[in-house]
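For reference, the structure discussed in these notes is given below.
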Amino acid sequence: MQRRKFIKQSSLTLAGIGVFGSLLSNNRINEINLSVNGKRIESRIFELAKFGVDEKGRGFRVAYSKGDIEGRAWFMELMKKAGLNPSIDAAGNIIGKRNGKNPSLKPIAFGSHIDMVPDGGNYDGTLGSIAALELIETLNENNFLTEHPLEVIIFGNEEGGTIGSKAMVGDITNDGLNQKSQIGLTMADGIKAIGGNPENIQSCIRKKGDIHAWVELHIEQGGILEKEKIQIGVVEGIVGIVHWEVTVEGFANHAGATQMNMRQDALLAASKFIVAVNEVITSIKGTQVGTVGKIAVQPGAYNVIPGKVQLGLEIRDLNAAKIELLFKEIEKRAAAIAASSKTKISFERQANESKPALTDKGLQQIINSTAKSLGFTTKLMQSGAGHDSQHVADIAPSAMIFIPSVGGISHSPKEFSTATDMANGANVLLQTILKIDKL
Ligand code: GLV
Ligand code: MN
Ligand code: MN
């Protein structure tokens, strides 16, 4: 299926005429009556939250950890019960399949991820995963057979660099596989731990044209929808993300006997660097963001001047060139800080970066009109969070549906979305997939 076709047919739909309008009316009764079970979605969100809780009671379903492995097993059991016959590809992605009436058609795919950041929330990724399963169960319960085969895809290690989706589109490198994951395993060993096969990673690659369309339902993770009292966000684009490991090397020395003008304090230089990052990022107009989100100080004692500091730098924007420009500016500031503090500041760009991506315009229109026809308010918006969808967009028309995040909080145990909003989003997903099925 070509992108063009989605745009053409969906604009006919918006005008209320044409092929798509008449196809919709043929199946009107069945499709319009289909609706997800919101209570089942909510109770499964709570059930999945029980997997990967650490000894302090914090959510730790971090990719490749015991909690991730157990949560995936629970999810696959539900997929089996729903007749999806799940399998794990070489990158550790879980894929479940449901036949359509016409086996020669390419599958429509949807899903998300169930791994989380350390001390994360219970809705990021899990909503789109549980809603995808719910969609299948709704079709099963109503004996509804789509034309296209359907696929539920639960990507492996989204939070640690969208590893599963990168691998699926052929974008993972050896460096990427050798990079350390959040729990300390290399990505390759982590993939093995969840049932994948990194030695044969190429076997999971899907080519352009292999997937008819991909749609991911997700929580917004910001506060725009809630603030503007909008029920459904239609995502236009997803930011690119680049990470650097930054090392500041000074000289560890006695904190009492070393005069202030004799020091090479790595933490003082690192502090100036953190401020400089903020100044560079905010020095130009735009929605770019930059964060120093981790720091480790050596040796780490009251009475020793810090000799070495390791920082994690991240820059995000919808424009890849802007990310590079901002980084060049940060490098210049770092060189000046290093010179004035007699330290050395070096950068190591991390392998698993994400390119910015635009979603498919035709699919945006379908989601928008579908949500409106269900009585929901909508808004076109950007995603400041990264998603597997930005990689799938390389090989298939892709789109995302957002629902409000209460308080705009995410990557936090305080993350929350209401059961009503989750059901609304899942119903938009369901009806969107049924519309795409006719294209
Ligand atoms: C993933 O959630 C990200 O945006 O880092
Ligand atoms: Mn997510
Ligand atoms: Mn996330």
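We use all heavy atoms of the structure for the numbers below, so side chains are in, but hydrogens, waters and symmetry mates are not. As the structure lists them, so they are numbered: ligands from 1, and atoms in each ligand from 1.
- Ring orientation note: the planes of Phe273 and Phe347 are tilted relative to one another, at an angle of 30° to 60°.
- The backbone N or O of Ile284 lies less than 3.5 Å from a partner atom in the side chain of Gln288, making a donor-acceptor pair.
- In plain terms, the two heavy atoms of Ile436 and Ala213 that are nearest each other are CG2-CB, 3.9 Å.
- Rounded to the nearest 0.5 angstrom, Ile409 CD1 and Lys414 NZ are separated by 7.0 Å.
- Using a 4.0 Å cut-off between a side-chain N of Lys or Arg and a carboxylate O of Asp or Glu, Glu55 and Lys66 do not qualify as a salt bridge.
- The nearest pair of heavy atoms linking Gln221 to Ser410 is NE2-OG, 2.9 Å.
- Ring orientation note: the planes of Trp74 and Phe51 are tilted relative to one another, at an angle of 30° to 60°.
- Using the six-membered ring where Trp is involved, Phe402 and His218 have ring planes that are tilted, between 30° and 60° apart.
- Around the Mn ion (ligand 2), the protein N, O or S atoms closer than 2.8 Å are His113 NE2, Asp124 OD1, His218 NE2, listed by chain and residue number.
- Looking at Lys192 and Glu199, a side-chain N of the basic residue comes within less than 4.0 Å of a carboxylate O on the acidic one, giving a salt bridge.
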Run through all N or O atoms in ligand 1 and write down each protein N or O closer than 3.5 Å, as a pair with its distance.
| unit_1 | atom_1 | unit_2 | atom_2 | d |
| --- | --- | --- | --- | --- |
| ligand 1 | 2 (O) | Glu159 | OE1 | 3.0 |
| ligand 1 | 2 (O) | His411 | NE2 | 3.1 |
| ligand 1 | 4 (O) | Arg316 | NH1 | 2.7 |
| ligand 1 | 4 (O) | Arg316 | NH2 | 3.2 |
| ligand 1 | 4 (O) | Gly386 | N | 2.7 |
| ligand 1 | 5 (O) | Arg316 | NH2 | 2.7 |

